[in-house]
Amino acid sequence: MTPDGDTGGPPRVSVVIPTHLRADLLPRAIRSAFGQSVAPLEVIVVDDADDAATRTRIEQLSREWGPSLVYVRSVSDEHGASISRNAGARVARGEVLAFLDDDDWWDAEYLAQATTTLVAADVEMVVTPNWIVVDGEQRPFMTPTTQSFSTFRPGMTGSNIVLTRAAFDRIDGFDPAMWVMNDVDFFVRARAARTRIAAAVERLVFLEGRGAGHLSSASERRALGLEHFLEVHRSEMDRGAIRLVRRRVSVARAASAQDLRSRVRHGVAVMWYSSMSDYVGTVKRRLGGRRRSY
C-alpha cells in the first residue's frame, strides 16, 4: 500500500522550499525539484522576507510551471526555516512531503528513490545520503544509517528527508523556537514519536557549502542557537555529542569575535573541545586548500 492509502500508483509528493533573500540560488533548487524523474504534485516556495527579487524570480518561473509552483509569503516578526517549512506543509496537498533548502539541489532520481524506499520498506520517513559542494568541489558528506539514527548525528539536513504527511503531523512539525540544528531536533522528536525511518542507498542530494548567509555561518546568533539546542536536549545526549555542540559554539564565537582577547579565549575553547579527528580534519582541509563548510 502506498502512503496515500491507495493500492496503486506512486504517492503524491509536495516539495517545500523555505527561502530567505536567496533569489540568486533559489531557481536552481526549484529546477531540481521540477526536474525529477518522478514529478512532484507541486513545489511550494515559502518566502519569509517578502523580497522583491524573490517575487520576480517566482513570476518568471511560474511561466514555465504554472500553478504547480506555489508561492507563499510567511512574513512575521520571527524568521526561520522551521516557521517556513511548517507554513509550506500547511498548504501542501500531497500525502508525502519533501523538504529542500533554497541553496541546495537534488539529482533527478532523488524523489524516485525516496518514494520507492518509503513504500518498499514500509516506513514513514526516508533520509538520503548527500554531497557537500564547496567552490565547485564535490565530496561525500552525510551518510545516514540505522546506526546513526540512534545518535545525535543522524545524517539529516533540511534537504534530504521525505516523509508522510501523517508522520509530519504526529511529530508536530519543525520547532519554530529551534533556529539552529532544527533538522536534528526534528529527527530526535521523530525518533521519540516512534516514526518508522529508513536510509536510502544512493547519494542524490547536493548541499551548498560556501556558507554565505547560511545559518551554519559563524555568528553570535548561531552560538546562541546551539546553546538553546543543548539546553533542550542535553539530558538525552552522550558526552561526545555534548562536546561536539560545545565545540561548534566556540567555533562560532571565535570566528565572529570583535576583539583579539575574545578570539583567543574562544579559540582556546575550540581546542579544549576538539577531538583528535577534529584536528586531523582541520589539517587535511588546510593542506588541501579547502575552506570550512557547514
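The figures that follow rest on heavy atoms only: side chains count, while hydrogens, waters and symmetry mates do not.
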Indicate if [X] and [Y] have the same hydrophobic cluster label, given that clusters are the connected sets of ILVMFWY residues with side-chain heavy-atom separations under 4.5 angstrom.
| X | Y | answer |
| --- | --- | --- |
| I58 | I17 | yes |
| V38 | V127 | no |
| I83 | I171 | no |

CA sep, side-chain torsions, deciding dist, call: V270, R247, side-chain contact (heavy atoms from CB on, under 4.5 Å): CA-CA 5 Å; V270 171; R247 181 179 186 274; 4.3 Å; yes
Check against salt bridge (charged side-chain N to carboxylate O under 4.0 Å, His left out), E208 and R22: CA-CA 12 Å; E208 174 61 61; R22 287 222 183 99; over 6 Å; no
Derivation and outcome, side-chain contact (heavy atoms from CB on, under 4.5 Å), residues L118 and V123: CA-CA 5 Å; L118 199 69; V123 295; 4.1 Å; yes
T195 and R189 side chains, donor-acceptor separation under 3.5 Å: no
Polar side chain donor-acceptor pair, T164 to E124, under 3.5 angstrom: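 Their side chains do not contain a donor-acceptor pair, so the 3.5 Å distance test is not met.
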Residue of the set T128, N160, N130, T143 for which side chain to side chain donor-acceptor pair (under 3.5 Å) holds with R203: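 With R203 as partner, side chain to side chain donor-acceptor pair (under 3.5 Å) holds for just one option, T143.
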Passing candidate, side chain to side chain donor-acceptor pair (under 3.5 Å) with T19, options D102, D101, D103: D102
So does [Y] get a backbone contact from the side chain of [X], meaning a donor-acceptor N/O pair under 3.5 Å?
| X | Y | answer |
| --- | --- | --- |
| W106 | G35 | no |
| Q36 | S32 | yes |
| R57 | P27 | no |
| S148 | P154 | yes |
| R12 | L41 | no |
| E42 | A92 | no |
| Q113 | L204 | no |

Closest non-hydrogen atom pair between [X] and [Y], with its separation:
| X | Y | value |
| --- | --- | --- |
| I161 | M125 | CG2-CE, 3.9 Å |
| V162 | Y110 | CG2-OH, 3.5 Å |
| V46 | A87 | CG1-CB, 4.1 Å |
| S82 | P176 | CB-CA, 3.9 Å |
| I44 | S14 | CD1-CB, 4.5 Å |

Centroid separation F99 to F186 less than 6.0 Å: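 F99 vs F186: aromatic centres not under 6.0 Å.
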pair L69-E64: side-chain heavy atoms closer than 4.5 Å: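 A side-chain contact is absent here, since even the closest heavy-atom pair is not under 4.5 Å.
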Measure the spacing between [atom1] of [X] and [atom2] of [Y] and express it to the nearest 0.5 Å.
| X | Y | atom1 | atom2 | result |
| --- | --- | --- | --- | --- |
| D185 | H228 | CG | NE2 | 7.5 Å |
| R221 | S256 | CZ | OG | 13.5 Å |
| L111 | T116 | CG | OG1 | 10.0 Å |
| N86 | D175 | CG | CG | 9.0 Å |
| R85 | L97 | CZ | CG | 12.5 Å |
| L230 | L244 | CG | CG | 10.5 Å |

Sidechain N-carboxylate O distance under 4.0 Å for E95, R165: no
Ion pair check, D50 and R55, cut-off under 4.0 Å: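 Yes, this pair counts.
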Residue Q258 excluded, over 12 heavy atoms near CD under 6.0 Å: no
Cation-pi check, R191 onto F152 ring (under 6.0 Å, within 45° of axis):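 Output yes; distance and angle both within limits.
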